[in-house]
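Some notes on the structure that comes next.
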There are 2 protein chains.
Amino acid sequence: MQDACEAREVLGIVGDKWALLVVRMLKDGPRRFTELKRSIDGISQRMLTATLRDLERDGIVIRTVVEVMPPHVSYELTTMGRTLREATAPLLEWSIEHLPHIATARAEYDDR
Amino acid sequence: MQDACEAREVLGIVGDKWALLVVRMLKDGPRRFTELKRSIDGISQRMLTATLRDLERDGIVIRTVVEVMPPHVSYELTTMGRTLREATAPLLEWSIEHLPHIATARAEYDDR
DNA sequence: CAGAATCCAAATTGATACTG
DNA sequence: CAGTATCAATTTGGATTCTG
């Protein structure tokens with residue numbers, strides 16, 4: 001299993017509780033910190049900050065300070081970030097297709 | 001963002017630290033508990049048990065007690081489990097392709 | 001607005017020992 | 001072999017307060 005190492009590394013990125021949610025929010029272009037905060041239900045500003053910094057560190061998002069009045073901070077996907085987003089698309093489709101089935105399986109399992 | 005809910009649910013499955021690693025180990029057919037334990041480096045037997053139970057509960061793996069001597073327990077992917085495995089394949093390819101780039105980005109970031 | 005810093009509660013996890 | 005049970009340690013995360 002020579003690629004087990006790769007699999008684990010990528011899990012450090014996508015396995016993060018919020019990372020893929022943030023990537024998804026950025027798929028249609030740049031978003032501001034507050035926009036992200038508002039649109040990702042339940043995320044604290046602490047976690048959003050941490051998630052964004054990790055993604056920035058990994059070269060998946062770019063952080064830009066926009067010097068208008070009032071100034072704000074904009075985040076957008078890098079080229080690599082967009083390829084990541086594309087690579088996760090099948091997973092989202094899978095979830096939309098199978099989640100009902102999973103709910104059923106789970107309910108049956110819990111009945112026993 | 002009407003599918004945010006789906007995205008979050010699926011993260012509850014794939015976002016698990018070990019789940020995808022287990023699914024990957026099962027891609028070529030059934031494996032026994034101990035085989036999985038050995039081949040997934042660093043997993044404790046506690047975590048393997050918990051991960052397998054979650055996957056079983058969600059209808060992604062099947063647990064079978066094999067009544068030979070000595071008896072053992074076999075795990076294999078369900079049909080749905082195999083579709084999940086296929087849906088995660090692009091992500092693995094992505095990781096193999098981009099991980100070096102991520103390492104670079106990370107190193108540069110940390111230098112500052 | 002976009003964070004940083006601090007504090008604290010809760011959830012995860014590993015190590016270990018035990019069992020049918 | 002394939003777990004379960006328990007405990008301790010670490011991590012994680014939320015709430016809150018403060019700042020350029």
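Proteins come first, then strands; the chains are lettered A, B, ... in the order of their sequence lines, and each starts at number 1. Side chains are part of it too, since the values below use all heavy atoms of this structure and drop only hydrogens, waters and symmetry mates.
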For this session: Calculate the interatomic distance between B:R31 atom CZ and D:dC1 atom C1'; express it in whole Å.
Result: 18 Å
Exercise. Do any side-chain nitrogens or oxygens of B:T49 fall under 4.0 Å of OP1 or OP2 in D:dG3?
Worked result: no
Exercise. OP1, OP2 of D:dG3 versus side-chain N and O of B:R53: anything below 4.0 Å?
Worked result: no
Exercise. Is the number of heavy atoms from other residues, nucleotides or ligands within 6.0 Å of NE2 (A:H101) greater than 12?
Worked result: no
Exercise. What is the distance, rounded to the nearest whole Å, between atom CD of A:E67 and atom C1' of D:dG20?
Worked result: 12 Å
For this session: Report the distance from atom CG of A:L21 to atom P of D:dG13, rounded to the nearest whole Å.
Result: 13 Å
For this session: Could you grab the distance from atom CE of B:M47 to atom CD1 of B:I40, nearest 0.5 Å is fine?
Result: 12.5 Å
Exercise. Between the main-chain N or O of B:W18 and the side-chain N or O of B:T51, is there a donor-acceptor pair closer than 3.5 Å?
Worked result: no
For this session: Ignoring backbone atoms, establish whether B:Y75 has a side-chain N or O less than 4.0 Å from OP1 or OP2 of D:dC1.
Result: no
Exercise. For the pair made of CG in A:L48 and P in D:dG14, what is the distance, rounded to whole Å?
Worked result: 11 Å
For this session: Going 5' to 3' through nucleotides 6-19 of chain C, assign each nucleotide B (protein heavy atom under 4.0 Å from a base atom), S (under 4.0 Å only from sugar-phosphate atoms) or - (no protein heavy atom that close).
Result: BB-----BBBBB--
Exercise. Between B:S95 and A:V10, which heavy-atom pair has the shortest distance, and what is it?
Worked result: CB-CB, 3.4 Å
Exercise. Rounded to whole angstroms, how far apart are CZ on B:R63 and P on D:dC1?
Worked result: 15 Å
Exercise. Which distance, rounded to the nearest 0.5 Å, do you find between the CZ of B:R85 and the CG of B:L92?
Worked result: 6.5 Å
Exercise. Can you tell me how far the CG atom of B:L26 sits from the CD atom of B:E76, to the nearest 0.5 Å?
Worked result: 8.5 Å
